[in-house]
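Note that the numbering runs from 1 along the sequence shown for the chain. Note that the coordinates shown come from a computational prediction; the quantities given were computed from them, not determined experimentally.
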Amino acid sequence: MSSSAQKHDVFQAIADPTRREVLRLLAEKERPISEITAHFPMSRTAIAKHLQVLSEAELVSGQKVGREKIYRLHPEPLTELKQWLSFYEKFWENKLSILKHIVENPSDHSIGLIEREDRHK
């Protein structure tokens with residue numbers, strides 16, 4: 001499969017700040033490319049390329065209405081991202097809990113046990 005035909009995944013699609021902003025705009029309402037382009041200091045062609053990446057990741061779709069294509073958000077693929085992030089959220093919550101314990105109990109020597117138990121989970 002050639003790189004141009006290869007589908008982008010959600011992580012690639014949201015890696016770019018312009019594409020994240022396009023998603024935010026489309027979360028507000030469906031928009032034609034001309035309205036999306038008006039929010040950025042770049043050409044319509046550049047925005048069309050960003051929309052193509054988002055379309056390949058199945059985050060947006062466009063429907064031809066008259067002379068324009070109207071784009072809409074499909075947030076369902078973001079569930080994959082949410083699941084991936086939830087692992088790290090739990091990881092950091094655990095680390096912050098340990099830190100809180102250390103700060104609140106500076107003379108407690110059982111922290112080594114907590115850290116070792118954490119590594120075995």
Side-chain angles (χ1 to χ4, degrees):
M1 181 182 270
S2 73
S3 63
S4 63
Q6 190 174 12
K7 202 172 189 179
H8 289 88
D9 70 13
V10 174
F11 296 93
Q12 292 169 318
I14 66 159
D16 185 275
T18 299
R19 291 193 288 268
R20 291 192 303 268
E21 181 63 14
V22 168
L23 291 175
R24 190 194 63 74
L25 289 169
L26 293 176
E28 294 172 358
K29 66 177 188 174
E30 297 176 3
R31 298 175 190 260
I33 191 169
S34 58
E35 192 176 319
I36 296 168
T37 302
H39 287 85
F40 299 95
M42 59 183 71
S43 69
R44 181 181 174 113
T45 303
I47 293 298
K49 288 179 181 180
H50 284 297
L51 287 166
Q52 180 63 36
V53 172
L54 293 169
S55 294
E56 289 173 3
E58 300 178 350
L59 287 166
V60 303
S61 65
Q63 181 179 6
K64 193 90 165 152
V65 177
R67 302 177 106 202
E68 288 207 282
K69 200 170 190 179
I70 307 296
Y71 287 89
R72 76 173 45 165
L73 175 67
H74 295 285
E76 298 81 10
L78 293 171
T79 303
E80 178 184 0
L81 176 66
K82 183 181 177 191
Q83 291 168 346
W84 184 80
L85 287 172
S86 73
F87 168 80
Y88 291 98
E89 184 178 8
K90 290 174 190 168
F91 172 83
W92 285 112
E93 283 175 3
N94 188 36
K95 295 298 181 191
L96 290 172
S97 177
I98 291 169
L99 179 60
K100 180 181 178 198
H101 180 81
I102 291 170
V103 170
E104 291 176 352
N105 305 289
S107 63
D108 188 352
H109 298 291
S110 65
I111 194 64
L113 293 174
I114 295 171
E115 289 175 333
R116 277 182 248 133
E117 287 175 2
D118 181 50
R119 287 185 202 133
H120 296 293
K121 286 183 182 178

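Applying the side chain to side chain donor-acceptor pair (under 3.5 Å) test to every pair with at least one member in residues 79-88, sequence neighbours left out, gives no pairs at all.
In the hydrophobic clustering of ILVMFWY residues, with side-chain heavy atoms under 4.5 Å counting as a link, F87 and V10 come out together. Two different hydrophobic clusters hold V65 and I33 under the rule that ILVMFWY side chains link at heavy-atom gaps under 4.5 Å. Hydrophobic clustering, with ILVMFWY side chains joined whenever heavy atoms are under 4.5 angstrom apart, keeps L25 apart from I70.
The closest donor-acceptor contact from the side chain of R20 to the backbone of I14 lies under 3.5 Å. Judged purely by atom type and a 3.5 angstrom limit, S97 has no side-chain atom pairing as donor or acceptor with the backbone of E93.
Between atom CZ of residue R72 and atom CD of residue Q63 there is a gap of 6.0 Å, rounded to the nearest 0.5 Å. The distance from the CD1 atom of I36 to the CD atom of E30 is 10.5 Å, given to the nearest 0.5 Å. The CG atom of L99 sits 11.0 Å away from the NE2 atom of H101 when rounded to the nearest 0.5 Å. Atoms CG and CG, from L54 and D16 in turn, are 8.5 Å apart once rounded to the nearest 0.5 Å. Taken from CG in L73 to NZ in K29, the straight-line distance is 14.5 Å, to the nearest 0.5 Å.
Under the rule for a ring pair (Phe, Tyr, Trp, His ring centres under 6.0 Å), F40 has no partner lying at least two apart in sequence or in another chain. Looking at residues two or more places apart in sequence or on another chain, you find no salt bridge (Lys or Arg N to Asp or Glu O under 4.0 Å) involving R44.
Side-chain contact check for E35 versus E68: every heavy-atom pair is 4.5 Å or farther apart. Under the 4.5 Å side-chain criterion, counting only non-hydrogen atoms from C-beta, M42 is in contact with H50. Within the 4.5 Å cutoff, no side-chain heavy atoms of L59 are placed close to those of V53.
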Working for side chain to side chain contact (heavy atoms under 4.5 Å, CB included), residues Q12 and D9
CA-CA 5 Å; Q12 292 169 318; D9 70 13; 3.3 Å; yes

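Summarising the geometry of R19 relative to A13, their closest heavy-atom pair is NE-O, 2.7 Å, with the distance given to 0.1 Å. The shortest non-hydrogen separation linking S43 to T37 is C-CG2, 4.1 Å.
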